[in-house]
Amino acid sequence: MRPLPSLLFLLACLFTSQAQDAPLPTLTTARDLRNLPATEAARHYPLHLRAVVTLVEPERTIFLRDDTGAAFIRWGKGLPDLRAGQQIDIEGETYPGLYLTGIVGKKVTVLSEGEPPAPHHITYEQLASGQFHYDWVEVRGIVRSVTQSEKYSVLKLALGNGSLDVYPVTDDSTVDDHLIDAVVRVSGIAAGYINDRRQLVAPHLRVRSLTDVTVLEPAPDEPFAIETTPATQLLRFAPNGRAGHRVKVRGVVTQQQPGSAIYLRDDVQGLRVRTTSTETFSPGEIVEALGFPIIGTLSAELDDAVLRRTGEDVVVSTTPAPIKDLAAGRLDADFIEVEAGVRDVIRDGDRTRLTMQAGDFIFPAIVLSPSPSYEIPAIGTQVKLRGICHVIEATQPTRSFSTRARAFEILLDGSPFDIAIVRHPPWWTTRRLAVAAGTLLGVAVLAFAWAALLRRQVRRQTALIRSQVEAVTIADERQRIAREFHDTLEQELVGVSLRLDAAATRADESKLRDLLTGAQRLVQQLQVGARSFVWNLRDSSLTTQPLAEAIRSAVANITAGRQLEILSLGEARRLPELIGHELLRVAQEATANAVKHGSAQRIAILLDFTAVARMRLAIEDDGAGFDITATVPAGHFGLIGIRERVEKLGGEFRLRSEPGKSTTVEVTVPVAAH
């Protein structure tokens, strides 16, 4: 089928798929399959085509080709045994496949026997593009390596700008190492590994058997008999050179990474040799390496190399390397010695990374497999490193044909001779300075905190001492006033009372006698008031009992025969002497007023300690009440005294009362300020 009809057929398939009830068209060519998107292939289009079998993977896949391209059939139990070269008739349906649309075979009929079709001659780029995926192709290249697996050998083939593996689908063939470096022609199925995004990530070739590999140019019978090539001549211009073939390099082992690489040095320079060999070589052994020259990051390397001992060995020596030569890449892959300082140490599993500085250059040093006794230098130590210089990054300047090193590292194999201490770090390292600074900062913070606590404690103690001094001063002053009052006014009143008593007994006139008797009763009342005043001045009940109990004792005589309730809210606490005394007198005066003027039978006193900085006292009675807006009668100074006491303390005084109803006296005073 020509390309235009095929395209029209595909468009017809897509338009037809829009109709839900319309039957799907039957596909009849491999091109139709390859052009069918995966979403459409999942709809199971019917197909019927004729093709030639190119390769059979038993119980896996059958590859085939018709005149329009390649296709494949998913293995099924109902399929007959098929062989390459058979022409078959297939009836089945489509399925998406991993990369291309495949066939689920329902009926396969063998039409005739024959040979596989002629393969397409393709390049590595065509193979990697997927254009010929699952087609019967032929490539020409140089065998780079032979890897023996449990069932069969796998060839690694150098092909143009890349390399690919050749996998046999049967296990009846093995190949020895004599095929390495031979130019061969291989026919097989263009295949590859596919990721979950339907992308071809690793092309390779599937063949029936490695016996189908045709040798065009055999490898040398004695590979190590070829002429030795100096490391300096690798990948250099050689008009008569054999591109892509193995070369032999002879050199001294300077370092080895078993299973990965080995570093050699000939008379002039070092060389990195990539090899999968796990055979161990000691530094100083002279070996021969057969490998394929490739370009590394900056310098030539050998890849897929095999090694052979010569039985000779020498003492490995190093020459101090200028740091500028290392940075320029002139000593890439060479065994060098350089002096530098340790800036940082990072341990990561079996590898340790040292950040080094030499002059203005900072570079890493990698300790690959340090032994348990390997001593890692401390930060700030000046050391000499003996290891391999490895360029890890190169750059190509614009408008220039040269390439230059951009970054390098030193590879240390973990031997005791890798690092030599030149100068230990000063005791005052950055870390110790940081620790010392942190310690001093911590001490300073603790000192400031202690000083703040001390100042707070001093303020608290000062306030307490001031309160105690004030209390003692007040108490002393009250005691002095009480003594003075007792020794003067009260004694004078006693004298007046005695004289009035004597005069009354001698008075003849009744009017004079009544007048003297009345004066005597007045003096007696003054004596009672004076004694009460003196007792109040000397009252020290607050020093021995809580405020509530002191109030109860102070009003006991006043409330005799009446109901008294004293209630405390919050946790009762000791108040400053002045505040406690004034509140006691407020409660006493308010209670006396309630009994004397309101004829109260029930008095409730509330002490509220719930607020931290304030104290509230409330006295409520069930007496007759009064009009708080009226003028206070002459001689009634109780409420005025209460107000003055509260204002002196910086508090608030509230009075609630109505005639015929209860009276409430409420005061609130600050506590923290005293």
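Every value quoted in this text rests on a predicted model; they were computed, and no experiment measured them.
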Indicate yes or no: does [X] engage [Y] in a salt bridge with an N to O separation below 4.0 Å.
{"X": "Arg423", "Y": "Glu339", "result": "no"}
{"X": "Asp348", "Y": "Arg353", "result": "no"}
{"X": "Glu288", "Y": "Arg309", "result": "no"}
{"X": "Lys156", "Y": "Asp165", "result": "no"}

* To do: For the residue pair Asp344 and Thr355, confirm or rule out a side-chain donor-acceptor distance under 3.5 Å.
  => no
* To do: May I ask you to check whether Gln269 and Thr232 show a side-chain donor-acceptor distance below 3.5 Å?
  => no
* Distance (rounded to the nearest 0.5 Å) between Ile388 CD1 and Ile410 CD1 -> 9.0 Å
* Rounded to the nearest 0.5 Å, how far does CG of Leu264 lie from CD of Glu285? -> 11.0 Å
* Asked: Quick one: side-chain hydrogen bond (donor to acceptor under 3.5 Å, both in side chains) partners of Gln357, sequence neighbours excluded?
  -> Arg343
* side-chain hydrogen bond (donor to acceptor under 3.5 Å, both in side chains) involving Asp303 - partner list, sequence neighbours excluded -> Arg144
Considering non-hydrogen atoms only, spot the tightest contact between [X] and [Y] and give its length.
{"X": "Trp75", "Y": "Val56", "value": "CZ3-CG1, 4.4 Å"}
{"X": "Tyr263", "Y": "Leu411", "value": "OH-CD1, 3.4 Å"}
{"X": "Leu33", "Y": "Ala71", "value": "CD1-CB, 3.8 Å"}
{"X": "Cys389", "Y": "Leu326", "value": "SG-CD2, 3.9 Å"}
{"X": "Leu55", "Y": "Arg206", "value": "CD2-O, 3.7 Å"}

* Could you give me the CA-CA distance, side-chain angles and deciding distance for Gln257 and Leu368, then say whether side-chain contact (heavy atoms from CB on, under 4.5 Å) is met? => CA-CA 9 Å; Gln257 301 165 18; Leu368 299 174; 3.5 Å; yes
* Decide salt bridge (Lys or Arg N to Asp or Glu O under 4.0 Å) for Glu57 and Arg208; before the verdict, give the C-alpha distance in whole Å, the side-chain angles of both, and the deciding distance to 0.1 Å. => CA-CA 8 Å; Glu57 284 189 326; Arg208 290 172 293 189; over 6 Å; no
* Atom CZ of Arg274 with >12 non-hydrogen neighbours under 6.0 angstrom -> yes
* Asked: With sequence neighbours left out, which residue pairs that include part of residues 196-223 fulfil the ring pair (Phe, Tyr, Trp, His ring centres under 6.0 Å) condition?
  -> Tyr167-His204, Tyr193-His204
